[in-house]
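Remember, it's a predicted structure, so these values are computed and weren't measured experimentally. Each chain gets a letter, A, B and so on, in the order its sequence line appears, and its residues count up from 1.
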Amino acid sequence: MGAVQENAALRRRQQQLPLRPAGPLTVKALLAWYEAERRDLPWRYGPRKKADPYRVWLSEIMLQQTTVKAVVPYFQKFVARWPTVTALAGAQLEEVLQHWAGLGYYSRARNLKACADAIARDYGGEFPKSEAELLKLPGIGPYTAAAISAIAFGEKATPVDGNVERVVSRLFAVRQPLPGAKPEIRRLAATLTPQRRAGDFAQAMMDLGAEICTPRKPSCLVCPLQQDCSASAQNLAELLPMRGAKAERPSRYGIAFLVQREDGAVLLRQRPEAGLLGGMLEVPSTPWGDALPAKKEAMRAAPVTTAWLPVPGAVVHVFTHFRLELIVYRALVPIDASFTLWAEQERCRWVHRRDLHAQALPSVMKKVIAHGLADN
DNA sequence: CACCCGTGGGT
DNA sequence: TACCCAAGGGT
């Protein structure tokens, strides 16, 4: 198979053979490839089969801007703990956040719970099958609504994610840069979507994008769509899709205060529900600003008045839109002292070190704790 | 529409 | 190292 396609590619380059325009035959080749090469993933039931809407929904939410490899263990944990959407609707948000900790984009976890509640409350525990109805639910946008509708219910819908954007932009040699090209790419993807197997088509496009039509160094020579691909014919595949200018990533700085009690507990604080790391636990710190605060200034943000020891080094963490550098100050306090806790004391709690793994701790805060307790 | 929202792996 | 990127959604 690979050799045959390689020869076809070489012939076309040497003889300038015309392309076969992407169309129904492209879809047929893609579906054949999918049946042979598709990834075996825990939320999939098989080609030509509809999957459990709950598992499709859960996986799609987790997969938003997140790699399959990162998602799989979280998906397994969730379905083991909450096998149905009704079970998830009965869960405590705090426990959902604990299970989500480390996966990132924590508003997804809050919307996940809100969506489960809505399904249980307004839909009798059954997901709606139409794109339009799914779109009304929290955490479900245009992509996810189309994905659930097509994959779980077999409806003719066209989810367009980063994979589909890449595959389509190459198939049709779309040179207009993203995000401006999105409407055109959506239109082209919709023209390819088959009436009968829209779910398999969508997943096949994603598998192709993940394994063959990769962002860098695409494997055009073994691609089942190579003879249909306008970009490959023009040796443009690696240059597409074009993208607009990248925004620069600023740095922010702060001082984190790690209080350790004599019995080994550390002081954690719950962040506000909205915004960055919303609802998750943190090590109390100064606000994160454009420069490191002076020590005297920083101490106004310290959760207790005590002897603080700076921990050598710093914690560096890179978020999507800024880089964070935190200096850690550490203090050891007696177990029974009465402290002057700052105004947000009610959002604070003591957590024993042995219980830290079960908390809603984002990765950056795990780094801070590990750094601050490194020599303990 | 532009910006906000995490994290880990690959190059 | 620094940068790119991944099954996007909310505002």
Mapping A:Phe322 and A:Lys217 to their closest nucleotides on DNA chain B, which lands nearer the 5' end?
-> A:Phe322
Figure out the CZ/C1' separation between A:Phe319 and B:dG6, and round it to whole Å.
-> 7 Å
So, with a heavy-atom separation below 4.0 Å from DNA chain C, the residues of residues 170-197 of chain A are none
Aromatic ring centroids of A:Phe319 and A:His317 under 6.0 Å?
-> yes
Looking at every strand, decide which applies to A:Gly278 at a 4.0 Å heavy-atom threshold: base, sugar-phosphate, or nothing.
-> nothing
Pairing partner of C:dG9, by Watson-Crick or G-U wobble and under 3.5 Å for both distances, is B:dC4
Name the nucleic acid region contacted by A:Leu277, choosing base, sugar-phosphate or nothing; use a 4.0 angstrom heavy-atom cut-off, strictly under.
-> sugar-phosphate
Heavy-atom protein contacts under 4.0 Å, nucleotides 3-11 of chain C, coded B base, S sugar-phosphate only, - none = -SSBBBSS-
Would you check if the distance from the ring center of A:Phe75 to the ring center of A:Phe78 is below 6.0 Å?
-> no
Would you classify A:Val71 as touching base, sugar-phosphate or nothing, given that sugar-phosphate means primed atoms plus P, OP1 and OP2, and contacts are heavy atoms under 4.0 Å?
-> nothing
Only pairs at least two apart or in different chains count here, so list each side chain to side chain donor-acceptor pair (under 3.5 Å) that has a residue in residues 69-79 of chain A.
-> none
Phosphate-side-chain proximity, A:Ser363 and B:dG6, N/O vs OP1/OP2 below 4.0 Å = no
CZ of A:Arg39: more than 12 outside heavy atoms within 6.0 angstrom?
-> yes
